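Reading through the structure tokens given below for one structure.
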Amino acid sequence: MKMKGIESLKEIFKYGAFSLPVANYLLCEGNIPGDCKGILDVLKLAWKGNFKEAIRRADKAVENSRSETAKYFLLANKLAFLKYTGKTDVNLYRYLKRNLPKMSKSIRDTVIVTLINFEASGVKPLRKMRVWKNNYRKSTLSFLYLSLARREADSGDLSEAVHGYIQAYKLSREIPHPTCMVSSLNDLAWDIKEKHPKLAYDLSKGAVFWLGYYKEAPGNLFGTLDTLFVLEKSIGSPFIHSTAHIIVSISVPKNYLPLLKEAKKFVLDHTRSTYPNTSEVREYIKNVIQKRRPLSSKGISDILKGKTRTIRADTIRRLLTFSVDPSAPFPIWNEWIKMEIERKYKESSEKIKGFSLHQRQILFLSTYTALLDREFLSRKERLKKTYTLLEDIESFADFMAKDYQTMEFVVSMVKAHPFVEGRKEAVKRALARMKRKRLERFVLRYIEMKESDRKLLDRFLRNYGRYDGVRFGIRLKGPEVVREFAKKYSLKVQPLFAAFWCEEDGRVRRRLERVLKHMVLN
């Protein structure tokens, strides 16, 4: 594919970070000019959240570029990247604003949005950017609304900001532009959290759902999980333990290390049965027994005087007849969450009993493929046994009730954490296309594989779901085994090629080819 210049990258600009497979494909297979290659390299770094390196590479690309259009685009992106590193460059802002008349229409719109976004970062220019909303492409317009909303929120005009966030979300959903979708919901949730905490919480869950649906890793949208965690803590939600588990299970950017430290305090300990009798625990129990006396007087006295050095989990449970705030001592919190899991497990297992076998199989597989941590179920024999038990739902329910991790798995089959639920919905788009016999063949081959290969195939199928229905304007190509896999399991070819090119490492793509060959063997 021959590309003439930066204008040829319009599909990249349309979808933003969601264009990763096209960027990888063009860099590996496309005949593209040096300016385009430099821009794609910079953008890929930013999509991963590596803004410092993106800035360094942008500076280098500007020095080597012969295209004024490419230079302006790179400098505008540098201005945006600096914001994410906590820095501002007013001189660069002024330079870009002064040179807007010199820019081609193809790049001017993008630069204007960047300048408005800069004005939303607390910088007060003498004259704000003026805009005419009827002259922009839909992708640019969605980010324009987002930037204007941020600027209004920064100025204290929340009602105008809300309108902008809603418009940004609606437009970006139509494209789709995942970064704008997630950012508009997340920023709106953050801005209204003080006045409307419940609505903010619902919006934040929506942002995290789309984050899981569209992004394999949060990257530069990691703040979305931070927002959800803050909201759950402020409203005393028990689901904060699930958000905490996700945060500690993924790569956390350096500027979010305080969040990681805080999240570790809320991660459930599944196996704990006794706890130290600390002064903090005694003070909590003292406050509880002023309301009611669920323990014997001697038992209470021994605990409060510190004679009892350890407290049993069932002793704590007898105290818990009401909701527990996340600020409670960990032993209290931990046992309450375990009780919540037991309660939700009973509700979820009853719901699953009403589903058909095929529905149960889809729910089981989509949940397994979506989980970040599944070692408790990943051994070949255990996975096969659990999946087979779906045919006898009573036996399945008894088997999964044996520990808290498997109980949580059943809960997630019905309704998972929004990040995991998003990943479930993505892979369902692939699994739902497989008829029963094809699904059975898929599962047999899938269980035979080692866990690392399963995870690679899981990611491949999630990416298939993400790109199903997306049109990039070019036909992607790749190894023939991708077409064979599509035919074998009734899947579409182009979304599979997009999923294939989501993998940036050539060694990983070659391993994926071997996995797909295993899956198509007769």
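Worth knowing before you read on, the calculation uses all heavy atoms, side chains too, and leaves out hydrogens, waters and symmetry mates. Bear in mind that the values here come from a model prediction, so they are computed numbers and not experimental data. Quick note: residue numbers are just sequence positions, from 1.
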Might you confirm whether atom NZ of Lys492 has over 12 heavy atoms from other residues, nucleotides or ligands at distances under 6.0 Å? yes
Check Arg423 against Gly212 and note the closest heavy-atom contact, atom names and distance. CG-O, 3.3 Å
Student check: side-chain heavy atoms of Leu259 and Val252 closer than 4.5 Å: no
Ignoring hydrogens, what is the shortest heavy-atom contact between Ala499 and Asn463? Give both atom names and the distance. CB-CB, 3.6 Å
Are Phe460 and Tyr464 an aromatic pair, judged by ring center distance below 6.0 Å? no
If you measure from the Lys or Arg side-chain nitrogens to the Asp or Glu carboxylate oxygens, is any gap between Lys428 and Glu425 under 4.0 Å? yes
Residue pair Leu457 / Leu516, side-chain heavy-atom distance below 4.5 Å: yes
When you check the gap from the basic side-chain N to the acidic O, do Glu484 and Lys488 get nearer than 4.0 Å? no
Is the shortest side-chain heavy-atom distance between Met400 and Tyr345 below 4.5 Å? yes
Salt bridge (Lys or Arg N to Asp or Glu O under 4.0 Å) contacts touching residues 513-522 (sequence neighbours left out): none
Between Lys44 and Trp47, is NZ or CZ placed under 6.0 angstrom from the six-membered ring centre and within 45° of the ring axis? no
Taking atom types as modelled, is there a side-chain donor on Asp458 or Tyr446 under 3.5 Å from an acceptor on the other? yes
Ignoring hydrogens, what is the shortest heavy-atom contact between Ser172 and Ser142? Give both atom names and the distance. N-CB, 3.8 Å
We want to know whether Thr243 and His417 form a side-chain donor-acceptor pair, criterion being a heavy-atom distance below 3.5 angstrom. yes
Look up atom CZ in Phe497 and atom CG in Leu476, then write down how far apart they are to the nearest 0.5 Å. 8.0 Å
Can you run down the salt bridge (Lys or Arg N to Asp or Glu O under 4.0 Å) pairs that involve residues 254-263, sequence neighbours left out, and say none if there aren't any? Lys233-Glu262, Glu262-Lys265
Do the non-hydrogen side-chain atoms of Arg509 and Asp505 ever get within less than 4.5 Å of each other? no
Any chance the rings of Phe376 and His270 have centres within less than 6.0 Å? no
Would you say Leu268 and His245 make side-chain contact, with heavy atoms under 4.5 Å? no
Sub-4.5 Å side-chain heavy-atom contact between Lys215 and Trp210: no
Ser490 versus Arg438, side-chain donor and acceptor atoms under 3.5 Å: yes
Paired with Tyr467, the ring pair (Phe, Tyr, Trp, His ring centres under 6.0 Å) test is passed by just one of Tyr15, Tyr214, Phe472, namely Phe472
Please determine whether a side-chain nitrogen of the Lys or Arg among Arg454 and Glu451 lies less than 4.0 Å from a carboxylate oxygen of the Asp or Glu. yes
Going by salt bridge (Lys or Arg N to Asp or Glu O under 4.0 Å), name the residues that satisfy it together with Arg56, two or more places apart in sequence or in a different chain. Glu53
Not counting sequence neighbours, which residues clear salt bridge (Lys or Arg N to Asp or Glu O under 4.0 Å) with Lys48? List them please. Glu504
Hey, are the side chains of Phe409 and Tyr368 touching, using non-hydrogen atoms and a 4.5 Å cut-off? yes
Within the structure provided, determine whether Leu512 and Asp453 are in side-chain contact (heavy-atom separation under 4.5 Å). no
Examine the side chains of Ser356 and Gln359 and answer whether a donor and an acceptor come within less than 3.5 Å of each other. yes
Tightest non-hydrogen contact, residues Leu357 and Leu390, listed as CD1-O, 3.6 Å
Is it the case that the side chains of Ser65 and Asp35 hold a donor-acceptor pair, with the cut-off being a distance below 3.5 Å and no angle test? yes
So, are Lys380 and Glu448 salt-bridged, with charged N and O less than 4.0 Å apart? no
Can you sort out the partners of His241 under ring-ring contact (aromatic ring centres under 6.0 Å, His included), two or more places apart, ordered by chain and number? none
Please report the shortest heavy-atom distance between Met519 and Met449, naming the atom on each side. SD-CE, 4.1 Å
Please check if the distance between the ring centroids of Tyr489 and Phe442 is under 6.0 Å. yes
Lys205 NZ/CZ over Tyr201 ring centroid, <6.0 Å and within 45° of normal: yes
Distance-minimising heavy-atom pair for Arg272 and Asn334: CB-ND2, 4.1 Å
Taking atom NZ as the centre, does Lys344 end up with more than 12 heavy-atom neighbours from other residues, nucleotides or ligands that are less than 6.0 angstrom away? yes
Tabulate below the donor-acceptor pairs under 3.5 Å that side-chain atoms of residues 221-230 make, not counting sequence neighbours, or state none.
{"unit_1": "Thr224", "atom_1": "OG1", "unit_2": "Leu221", "atom_2": "O", "d": "2.9"}
{"unit_1": "Thr227", "atom_1": "OG1", "unit_2": "Asn186", "atom_2": "OD1", "d": "2.8"}
{"unit_1": "Thr227", "atom_1": "OG1", "unit_2": "Gly223", "atom_2": "O", "d": "3.1"}

Do the rings of Phe51 and Tyr84 sit parallel, tilted or perpendicular, given the 30° and 60° boundaries? parallel
Aromatic centroids of Phe364 and Tyr387 separated by under 6.0 Å: yes
Under-4.0 Å salt bridge between Glu503 and Arg511: no
